[in-house]
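Report on one structure; see the data block that follows.
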Amino acid sequence: MADTIRRPRSLRFAFLFGWMLLMAVACPVHSQVSELSADDIKALEAKDHSPQLKLEELKVFPAIRKYEAKGLTTSAKGEKRKYGPVTSEEKWVDGRYIVTTVHIPNAAPMIIVVTYDRESLTYRKWTLWPTGLVMPGIGMRDGDGRTLSWSSTLAVNDGPMWHIVSQETHADKQTSWTEVMFINGKFWQRITAVRKESRE
């Protein structure tokens, strides 16, 4: 009897995530989670911190209120420069959302909202950029671990198509991540960074 061929777990996860992204592009997303507009995101950001999370799936994220992030960016030309320090505040809202306010030097804050959709078994994310545009994202968790992979796309009218693929690994006191940005299908920039709890 021929031996059963088993793919490594990371390869199986990559295959599954790739299939999910293909389906997300080919088919409209229908789920129990409503899309969020810029006004929706600002309204959630204005709410108070919830004492508890109602969605167990969101507990993969650290229970930290303030962060400081540092890392490295690499451009398509191979140029490297320091990323950060960038500070942010995070809170739970309505027990169903994680809302992160990222303070960008010389710009309006960037607001990120994350939740979990139990119908599609995916994480959902909306990023409100300082420009006022909203970039939606879809994520999947690697088994029972604390690693998430994301795909986010933003099409600007009469402008460029932005696509970000990222992977983040959470621990109790920090999050490390790598994100790769494409503009019109061409590699633009890679960011590798770690955010840790801020004592300030």
Side-chain angles (χ1 to χ4, degrees), residues 6-22 24 33 52-75 80-93 96-104 110-118 120-129 135-154 162-182 187-200:
R6 296 180 60 84
R7 295 185 178 90
R9 181 180 176 185
S10 59
L11 183 59
R12 296 199 307 270
F13 177 66
F15 174 80
L16 179 60
F17 186 63
W19 177 84
M20 181 201 75
L21 296 183
L22 177 62
V33 176
Q52 294 182 337
L53 284 172
K54 298 176 183 178
L55 291 175
E56 187 73 20
E57 294 85 356
L58 293 180
K59 294 182 180 179
V60 66
F61 295 90
I64 296 176
R65 299 297 306 279
K66 292 185 178 181
Y67 288 96
E68 182 178 84
K70 296 180 180 180
L72 183 71
T73 66
T74 304
S75 72
K80 300 181 184 295
R81 61 184 178 86
K82 291 182 179 180
Y83 171 85
V86 175
T87 60
S88 61
E89 287 93 36
E90 195 161 274
K91 60 184 174 181
W92 304 338
V93 175
R96 302 183 61 84
Y97 299 96
I98 294 179
V99 180
T100 307
T101 303
V102 183
H103 300 285
I104 301 174
M110 179 172 67
I111 305 173
I112 303 170
V113 177
V114 173
T115 190
Y116 186 77
D117 179 15
R118 288 182 172 170
S120 64
L121 304 181
T122 60
Y123 289 84
R124 304 292 301 280
K125 176 167 64 176
W126 296 267
T127 301
L128 175 59
W129 293 93
M135 173 181 276
I138 301 176
M140 287 187 68
R141 183 177 177 182
D142 186 3
D144 296 327
R146 299 180 71 176
T147 295
L148 301 177
S149 292
W150 293 94
S151 176
S152 303
T153 302
L154 175 62
W162 289 79
H163 190 83
I164 299 177
V165 179
S166 62
Q167 187 174 77
E168 59 193 32
T169 299
H170 301 281
D172 289 343
K173 295 297 182 180
Q174 70 175 44
T175 296
S176 58
W177 80 93
T178 297
E179 64 181 48
V180 184
M181 303 180 184
F182 298 85
F187 169 62
W188 179 62
Q189 179 177 260
R190 177 185 290 103
I191 299 176
T192 300
V194 177
R195 66 173 192 168
K196 298 182 178 181
E197 183 175 16
S198 174
R199 299 296 183 180
E200 296 182 2

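One-based numbering along the sequence shown.
Residues satisfying the side-chain hydrogen bond (donor to acceptor under 3.5 Å, both in side chains) test with Thr100, not counting sequence neighbours, are Glu90. By the side-chain contact (heavy atoms from CB on, under 4.5 Å) test, Val194 is found to be paired with Gln174, Ser176, Lys196, residues two or more places apart in sequence or in another chain being considered.
Using modelled atom types and a 3.5 Å distance limit, the side chains of Ser149 and Gln167 yield a donor-acceptor pair.
Looking at every heavy atom in both residues, Asp144 comes nearest to Arg141 through O-NH2, 3.0 Å. When all heavy atoms are compared, the tightest approach of Thr153 to His163 is OG1-ND1, 2.6 Å. For the residue pair Tyr116 and Thr122, the shortest heavy atom distance occurs at CD1-O, 3.5 Å. Between His103 and Val86, the shortest heavy-atom contact is O-CG1, 3.6 Å. Scanning both residues, Phe187 and Thr74, for their nearest heavy atoms gives CZ-O, 3.8 Å.
Annotation: the span from Ile64 atom CD1 to Glu197 atom CD amounts to 4.5 Å, rounded to 0.5 Å. Here the straight-line distance linking atom OG of Ser152 with atom CZ of Arg124 works out to 10.5 Å at 0.5 Å rounding. Separation of atoms NZ (Lys125) and CG (Leu148) is listed at 9.0 Å; rounding is to 0.5 Å. Atoms NZ and OG1, from Lys66 and Thr87 in turn, are 9.0 Å apart once rounded to the nearest 0.5 Å. The line from OG of Ser88 to CD1 of Ile111 is 12.5 Å long, rounded to the nearest 0.5 Å. Between atom CD of residue Glu89 and atom OG of residue Ser198 there is a gap of 8.5 Å, rounded to the nearest 0.5 Å.
Looking only at distances, no side-chain donor or acceptor of Thr73 sits under 3.5 Å from a matching main-chain atom of Tyr83. Using modelled atom types, no side-chain atom of Tyr123 and backbone atom of Trp150 make a donor-acceptor pair closer than 3.5 Å. Arg146 places no side-chain N or O within 3.5 Å of a backbone atom of Thr169 that could act as its donor or acceptor partner.
Under the 30°/60° scheme for interplanar angles, the aromatic rings of Trp188 and Trp162 are found to stand perpendicular.
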Quiz item: Please walk me through it: do Trp126 and Thr115 pass side chain to side chain contact (heavy atoms under 4.5 Å, CB included)?
Solution: CA-CA 9 Å; Trp126 296 267; Thr115 190; 3.8 Å; yes
